[in-house]
Every structure is written in C-alpha cells, then in structure tokens.
Amino acid sequence: MTTTIWHNPRCSKSRATLELLEDRGVKPEVVKYLETPPDAVTLDKVLTMLNLEPRDLMRKSETEYQDLGLVNSDLSRDQLIAAMVANPKLIERPVVVHDGKAAIGRPPESVLNLFT
C-alpha cells in the first residue's frame with residue numbers, strides 16, 4: 001500500500017511529519033509538490049478525501065492569495081483548484097495520502113490516524 005506525502009523540505013511541519021512517518025516504519029513516496037504540483041483531478045480527489053473545500057487547504061497568508069483575488073466568494077471550486085495547481089505555494093502542507101484517505105500534518109501527529 002502506497003503512502004504519499006506532499007512535502008516541502010523548507011517547512012518544519014513537513015520535515016517533522018516525514019520524520020514521524022519514517023520513525024514508524026512508513027516509507028512514503030515523497031512528492032516535492034512545489035516542483036511537481038498535483039494536477040486538478042488529483043487535488044480535487046485529495047480535497048474530497050480531506051472533506052475540505054479548496055479555500056480550507058489554501059495558505060491565505062501567501063501574497064498570491066491576495067494578488068490573485070482568491071478571497072472573491074464568486075470563484076468556483078474549479079477556479080480555486082486551478083489557482084492552487086498554477087500556484088502550488090498556496091497549498092497547505094504537508095498532506096499525507098494513504099489507503100484512500102488523507103490528512104494534513106498540522107500538527108504532524110494528525111497523520112497517524114491514517115494508519116489505525
């Protein structure tokens with residue numbers, strides 16, 4: 001069974017989540033999502049697994065959020081997902097996907113629920 005982590009090595013929470021998984025014997029596929037962003041279909045699927053709307057997975061403090069006008073409530077789910085695909089910096093990290101479920105590693109321990 002494959003476990004994947006959307007990882008940003010510069011993020012302390014992302015590093016801590018990866019270390020937590022490895023310490024428990026989980027060898028995840030590491031996707032550096034800033035270099036290889038998920039496509040819209042994958043992102044939509046992960047949002048569904050997380051039971052979140054796109055804005056719930058967005059880093060609203062990023063300049064791109066304001067610059068792109070993503071606060072606009074008229075934007076559709078598809079438009080928000082497209083913005084995240086084009087600007088992966090907007091995606092909250094880390095995201096861990098395992099066995100058809102997903103969790104955000106904030107705090108890192110929250111991903112452990114995927115393995116129970």
K.L.:
If you count the non-hydrogen atoms of other residues, nucleotides and ligands that lie under 6.0 Å from NZ in Lys60, is the total more than 12?
P.N.:
yes
K.L.:
So which heavy atom on Ala40 is nearest to which on Val85, and how close?
P.N.:
N-CG2, 3.7 Å
K.L.:
For the atom pair CZ (Arg15) and CG (Leu20), what is the distance rounded to the nearest 0.5 Å?
P.N.:
14.5 Å
K.L.:
Indicate the atoms forming the closest heavy-atom contact of Met49 with Ala102, along with that distance.
P.N.:
CB-CB, 3.8 Å
K.L.:
Show me the pairs that pass salt bridge (Lys or Arg N to Asp or Glu O under 4.0 Å) and involve residues 69-98, at least two apart or across chains.
P.N.:
Asp44-Arg77, Glu53-Arg77, Arg59-Glu92, Glu62-Lys89, Glu64-Lys89, Glu92-Arg106
K.L.:
For Pro9 and Lys32, work out which heavy atoms get closest and say how close.
P.N.:
CG-CE, 4.1 Å
K.L.:
Are Tyr33 and Leu68 connected into the same hydrophobic cluster when the rule is that any two of I, L, V, M, F, W, Y join if their side-chain heavy atoms are below 4.5 Å apart?
P.N.:
yes
K.L.:
Could you measure the distance from the OG atom of Ser14 to the CD atom of Glu19? Nearest 0.5 Å is fine.
P.N.:
12.0 Å
K.L.:
Hey, does Val95 have a side-chain heavy atom less than 4.5 Å from the side chain of Leu57?
P.N.:
yes
K.L.:
What distance do Thr36 atom OG1 and Trp6 atom CH2 have between them, rounded to the nearest 0.5 Å?
P.N.:
12.0 Å
K.L.:
Return all side-chain donor-acceptor pairs below 3.5 angstrom for residues 108-116, not counting sequence neighbours, or 'none' if the list is empty.
P.N.:
| from | atom 1 | to | atom 2 | distance (Å) |
| --- | --- | --- | --- | --- |
| Ser110 | OG | Ile104 | O | 2.5 |
| Ser110 | OG | Pro107 | O | 2.7 |
| Thr116 | OG1 | Asn113 | O | 3.1 |

K.L.:
So, taking the atom named NZ in Lys45 and the one named CG in Leu43, what distance separates them when rounded to the nearest 0.5 Å?
P.N.:
11.5 Å
K.L.:
Tell me the closest heavy-atom pair linking Pro94 and Thr17, and the distance in Å.
P.N.:
CG-OG1, 3.4 Å
K.L.:
Pair Leu70, Leu90 - check side chain to side chain contact (heavy atoms under 4.5 Å, CB included), show working.
P.N.:
CA-CA 10 Å; Leu70 298 175; Leu90 289 167; 3.5 Å; yes
K.L.:
Would you compute the distance between atom CD1 of Ile5 and atom CD of Glu22 and round it to the nearest 0.5 angstrom?
P.N.:
8.5 Å
K.L.:
Mind checking the CG-CD1 spacing from Asn8 to Ile91? Nearest 0.5 Å is all I need.
P.N.:
11.0 Å
K.L.:
Taking side-chain contact (heavy atoms from CB on, under 4.5 Å) as the criterion, tell me which of Thr4, Thr3, Thr2 meets it with His98.
P.N.:
Thr3
K.L.:
Is there a continuous path of hydrophobic side-chain contacts, each under 4.5 Å between heavy atoms, that joins Leu47 to Val41?
P.N.:
no
K.L.:
Has Asn51 got more than 12 heavy atoms of other residues, nucleotides or ligands less than 6.0 Å from its CG?
P.N.:
no
K.L.:
What is the minimum heavy-atom distance between Leu21 and Pro28, and which atoms define it?
P.N.:
CD1-CG, 4.1 Å
